[in-house]
**Student:** 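Sending over a structure as structure tokens; questions will come in a sec.
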Amino acid sequence: SYFFHLKDKGFTCEFRKDPNLGSVSGDHESIVEALINLLDNAMKYSQINKQITIRTGVEGKFNFIEVKDEGIGIAKKYHVEIFDQFFRAPTGDVHNTKGSGLGLTLVKKTMDAHHGKIKVDSIPGKGSAFRLYFPIMNEVAR
């Protein structure tokens with residue numbers, strides 16, 4: 001349902017679904033909110049190259065969903081701090097972009113509440129990929 005919003009803002013979006021996903025348990029609304037938060041950030045920080053890729057997959061005992069953009073990127077030294085409340089990386093045009101500095105904090109709290117994790121892979125000028133990992137239900141029960 002969010003693809004219309006992306007297209008309306010001039011973005012192209014590719015979705016790659018892994019057919020081998022296991023079942024996960026969680027609060028649908030908070031997971032959707034976390035995903036929308038990542039998509040909103042991808043749009044905010046990708047004003048030149050408006051390409052977003054969403055993909056799912058399995059890694060170990062986790063399913064993941066990844067949001068990858070071609071935006072301004074984040075220096076490695078900030079990869080931990082970006083999840084802190086009110087923190088915004090002091091590089092690029094981040095301060096010309098609206099935001100409270102709470103989005104990634106909420107995403108991290110959602111993942112913690114779901115016994116999952118979040119990882120970021122980002123290079124300044126090359127974009128960012130945020131990956132949300134959810135424990136596979138069968139693996140949690142073992």
Side-chain angles (χ1 to χ4, degrees), residues 1-94 97-142:
S1 64
Y2 206 75
F3 282 110
F4 174 78
H5 183 64
L6 290 165
K7 187 176 180 182
D8 188 52
K9 298 291 184 184
F11 284 82
T12 57
C13 187
E14 180 181 357
F15 179 61
R16 298 182 203 157
K17 182 182 176 190
D18 185 330
N20 301 310
L21 296 175
S23 296
V24 299
S25 178
D27 179 71
H28 181 264
E29 286 185 31
S30 64
I31 292 170
V32 168
E33 186 177 322
L35 182 58
I36 288 174
N37 219 312
L38 294 180
L39 289 167
D40 282 342
N41 280 352
M43 290 190 317
K44 277 191 233 179
Y45 300 111
S46 301
Q47 292 305 308
I48 296 171
N49 191 352
K50 296 185 172 197
Q51 170 64 38
I52 295 174
T53 303
I54 302 167
R55 71 182 186 106
T56 61
V58 179
E59 191 173 298
K61 297 179 180 185
F62 293 88
N63 285 340
F64 68 81
I65 185 164
E66 178 182 83
V67 175
K68 184 179 185 312
D69 65 57
E70 306 295 329
I72 63 172
I74 305 160
K76 189 164 185 71
K77 65 182 177 180
Y78 301 119
H79 286 191
V80 173
E81 289 178 287
I82 58 173
F83 299 104
D84 293 345
Q85 198 168 351
F86 303 116
F87 182 83
R88 297 181 80 196
T91 56
D93 63 355
V94 68
T97 305
K98 290 183 181 182
S100 64
L102 292 173
L104 289 176
T105 302
L106 294 173
V107 173
K108 174 123 176 41
K109 287 182 183 288
T110 297
M111 297 315 297
D112 290 346
H114 287 85
H115 307 288
K117 55 190 174 182
I118 182 170
K119 289 187 179 177
V120 60
D121 182 20
S122 185
I123 299 171
K126 302 284 185 184
S128 301
F130 285 86
R131 192 177 277 194
L132 305 178
Y133 289 89
F134 296 91
I136 298 171
M137 281 178 45
N138 298 348
E139 298 295 337
V140 173
R142 288 183 187 171

**Student:** Please report the interatomic distance CD1(Ile36) to CG(Asn41), rounded to the nearest 0.5 Å.
**Tutor:** 12.5 Å

**Student:** What are the two closest non-hydrogen atoms of Gln47 and Lys44, and how far apart are they?
**Tutor:** NE2-O, 3.6 Å

**Student:** Can you find a heavy atom in the side chain of Leu104 that is under 4.5 Å from one in the side chain of Asn37?
**Tutor:** no

**Student:** Closest approach of Ile52 and Ala42, non-hydrogen atoms and distance?
**Tutor:** CD1-CB, 3.7 Å

**Student:** Grab the two heavy atoms, one from Ile54 and one from Cys13, that are nearest each other, plus how far apart they are.
**Tutor:** CD1-SG, 3.7 Å

**Student:** From Phe3 CZ over to Asp8 CG, what is the distance, rounded to the nearest 0.5 angstrom?
**Tutor:** 14.5 Å

**Student:** When rounded to the nearest 0.5 angstrom, what distance separates CD1 in Ile31 from CG in Leu35?
**Tutor:** 10.0 Å

**Student:** Measure from the side-chain N and O atoms of Asn63 to the backbone N and O of Ile136, and report whether any donor-acceptor pair falls under 3.5 Å.
**Tutor:** no

**Student:** Can you check whether Lys9's main-chain N or O pairs, donor with acceptor, with Lys50's side chain at less than 3.5 Å?
**Tutor:** yes

**Student:** Who pairs with Glu66 by side chain to side chain contact (heavy atoms under 4.5 Å, CB included), at least two apart in sequence or on another chain?
**Tutor:** Arg55, Phe64, Lys68, Ala129, Arg131

**Student:** Let me see the working for Tyr2 and Leu39 under side chain to side chain contact (heavy atoms under 4.5 Å, CB included), right down to the final yes or no.
**Tutor:** CA-CA 9 Å; Tyr2 206 75; Leu39 289 167; 3.6 Å; yes

**Student:** If you apply the rule side chain to side chain contact (heavy atoms under 4.5 Å, CB included), what do you find for Thr56 with Phe15, and how did you get there?
**Tutor:** CA-CA 8 Å; Thr56 61; Phe15 179 61; 4.3 Å; yes

**Student:** Measuring from atom CD1 of Ile65 to atom CZ of Arg16, what distance do you get when rounded to the nearest 0.5 angstrom?
**Tutor:** 13.0 Å

**Student:** Can you measure from CG (Asp18) to CD (Glu59) and round to the nearest 0.5 angstrom?
**Tutor:** 11.5 Å

**Student:** Determine the minimum heavy-atom distance between Pro135 and Val24, stating which atoms define it.
**Tutor:** O-CG1, 3.4 Å

**Student:** Under the rule for side-chain hydrogen bond (donor to acceptor under 3.5 Å, both in side chains), what residues qualify as partners of Glu29, not counting sequence neighbours?
**Tutor:** none

**Student:** Check the pair Ile74, Phe130 against side chain to side chain contact (heavy atoms under 4.5 Å, CB included), reporting the backbone distance first and the verdict last.
**Tutor:** CA-CA 11 Å; Ile74 305 160; Phe130 285 86; 3.9 Å; yes

**Student:** What is the distance from atom CD1 of Ile118 to atom CZ of Phe134, rounded to the nearest 0.5 Å?
**Tutor:** 9.0 Å

**Student:** Decide side chain to side chain contact (heavy atoms under 4.5 Å, CB included) for Leu132 and Leu38; before the verdict, give the C-alpha distance in whole Å, the side-chain angles of both, and the deciding distance to 0.1 Å.
**Tutor:** CA-CA 10 Å; Leu132 305 178; Leu38 294 180; 3.8 Å; yes

**Student:** Testing the basics here: between Asp69 and Ser46, what is the closest heavy-atom pair and its distance to 0.1 Å?
**Tutor:** CB-OG, 3.4 Å

**Student:** Looking only at non-hydrogen atoms, find the nearest pair between Ser30 and His114 and report the distance.
**Tutor:** OG-CE1, 3.3 Å

**Student:** Consider side chain to side chain donor-acceptor pair (under 3.5 Å). Of Lys109, His115, Lys108, which one does Asp112 pass it with?
**Tutor:** Lys108

